[in-house]
A.B. asks: 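Can you read through this structure? Questions will come right after.
Lettering of chains follows the sequences in order, A, B, ..., and the numbering in each one begins at 1.
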2 protein chains.
Amino acid sequence: MTPDQRRIQPRKQPRQVRAELTRQRILTAAAHVFGDHGYAAGTTNRIAERAGISIGSLYQYFPNKDAILAELLVRHLDDGAAIAERVQREELPGPIEEIFRLFVRGAIESHLDEPRLLRVLLEQAPKSTDVLERVELLKKNLVAYMRELLDEHPEVRVADTETAARLIVTTVELVIHQLVADHEPVELGKLEDELVAMLTRYVRG
Amino acid sequence: MTPDQRRIQPRKQPRQVRAELTRQRILTAAAHVFGDHGYAAGTTNRIAERAGISIGSLYQYFPNKDAILAELLVRHLDDGAAIAERVQREELPGPIEEIFRLFVRGAIESHLDEPRLLRVLLEQAPKSTDVLERVELLKKNLVAYMRELLDEHPEVRVADTETAARLIVTTVELVIHQLVADHEPVELGKLEDELVAMLTRYVRG
DNA sequence: GTCTATAGATAGATAGAC
DNA sequence: GTCTATCTATCTATAGAC
């Protein structure tokens, strides 16, 4: 950026900030539209309309429809990774039940915002190889971490920790995707309790 | 049908049989096409091509694309219901672990044929209210039956059997959808064992 | 920078010949 | 009954005015 450009716009709301705001408006609108209508019926026209801009403007911020989807998914994955990291730092100690509870609760939290959107993202959206790789990598990391945890924790008595880790990660992911989308928050507490109980009793043998 | 009509076509391959055969050809082709390409890219043209008929003929047998999807899904649901009934007749006696094994194995069996198709049917296909109601009803029945089973079985020590039944049915359904599609048959045995173990230890407290 | 208008592509579905 | 040819609708994406 040259000094000239800085002098031209000395007011508030410099270009980049305003542009970033519009980007966010589009992403938020897209999240609602995809969540409400699904992938195919979540048209770029609808997104632009909901964002309060024209279709032409939308294409100034994103090269195509799938780029919007990809950004929404990456955003969610980053959330998930952040939560996973947080959990991994916090809870080396404690009973296995508490560890599972942190894990499950983190997963629930990261799905509370837009549960219907997430099902669209993960189930319907055509994923680019790039995004697919990210998903696979994140899941692989989770499984590896879970296996390590099972191997090291004294309470755990399951034999095949690799299979167990995959089963646990898959179960938590899938059950939460479905249950968060279908149930009221008041019931989520109970489901969390039962899911944690199921996993705990499983690994204790 | 009048006597005249009977006399006009005395050969083999009466109309209805041949028509039913064509219907089945279309459904089989559609199963492959949807499984391979997904919902959106599973076009009626591709289905007709794979079935070896023209697009016009296809529309003589089905009113629209979604009717084909719906019939495939209903067919699968009927399979599932049949298996559930079979299990319900067989296994009042025996340890809870064996009951879960029948349940899980039945679920796996009914997904072995066309796992990728099933994911498309259940995740991507826009479901009509009619089909949605059928799915809900089947699931409700399964949950009710599972709850009854938990309530009556002496080994079961879980408190909230309603929530537990829903968690179990959801877990089996989702985990199997995903795992059958993703894994080789050789691994399915291990996953079955672990899933059964998880459920058994869960309800035993 | 934002808009309107529209190009370009492809889908589902139908008409009408044979 | 089956086909080809085509209609209609709808979507993504772009061009060009302001």
A.B. asks: Whole Å only: how far is the CG atom of Asn45(A) from the C1' atom of dT6(C)?
C.D. replies: 12 Å
A.B. asks: Nearest whole Å is fine: how far is dC18(D) P from Gln60(A) CD?
C.D. replies: 18 Å
A.B. asks: Check the phosphate of dC3(C) against Ser57(A), side-chain N and O only, distance under 4.0 Å to OP1 or OP2. Yes or no?
C.D. replies: yes
A.B. asks: So if I take every side-chain heavy atom of Tyr61(A) and compare against dA11(C), dC3(D), dT2(C), which nucleotide ends up nearest?
C.D. replies: dT2(C)
A.B. asks: Under 4.0 Å from OP1 or OP2 of dA13(C): is there any side-chain N or O of Tyr59(B) that close?
C.D. replies: yes
A.B. asks: Nearest-Å distance, CG (Leu58(A)) to P (dA13(D))?
C.D. replies: 10 Å
A.B. asks: Round to the nearest Å and state the distance from Leu21(B) atom CG to dG1(D) atom C1'.
C.D. replies: 15 Å
A.B. asks: Rounded to whole Å, please give me the gap between CD in Glu49(A) and C1' in dC11(D).
C.D. replies: 15 Å
A.B. asks: For the pair Glu192(B) and Arg101(B), find out whether any cationic side-chain nitrogen is under 4.0 Å from an anionic carboxylate oxygen.
C.D. replies: yes
A.B. asks: Would you call Arg119(A) and Glu123(B) a salt bridge, using N to O less than 4.0 angstrom?
C.D. replies: no
A.B. asks: Once you round it to whole Å, what is the distance between P of dA11(C) and CD1 of Ile47(B)?
C.D. replies: 12 Å
A.B. asks: Look at Arg147(A) together with Asp151(A) and state whether they make a salt bridge at an N to O cut-off of under 4.0 Å.
C.D. replies: yes
A.B. asks: Would one find a side-chain N or O of Arg46(A) under 4.0 angstrom from OP1 or OP2 of dT12(D)?
C.D. replies: no
A.B. asks: What is the distance, to the nearest angstrom, from the CD1 atom on Ile55(B) to the C1' atom on dG12(C)?
C.D. replies: 8 Å
A.B. asks: What class does the angle between the rings of His111(A) and His76(A) fall in, given that below 30° is parallel, 30 to 60° is tilted and above 60° is perpendicular?
C.D. replies: perpendicular
A.B. asks: To the nearest Å, give me how far apart OH (Tyr39(A)) and P (dA11(C)) are.
C.D. replies: 13 Å
A.B. asks: Would you mind telling me which of dC3(D), dT2(C), dT14(C) lies closest to the side-chain atoms of Ser54(A)?
C.D. replies: dT2(C)
A.B. asks: In plain terms, say whether Arg75(A) and Asp113(A) are close enough for a salt bridge, that is, a side-chain N and a carboxylate O under 4.0 Å apart.
C.D. replies: no
A.B. asks: May I ask you to evaluate whether Thr44(B) reaches the phosphate of dG12(C), defined as a side-chain N or O under 4.0 Å from OP1 or OP2?
C.D. replies: yes
A.B. asks: Could you work out which one of dC3(D), dT4(D), dA11(C) sits closest to the side chain of Ile53(B)?
C.D. replies: dC3(D)
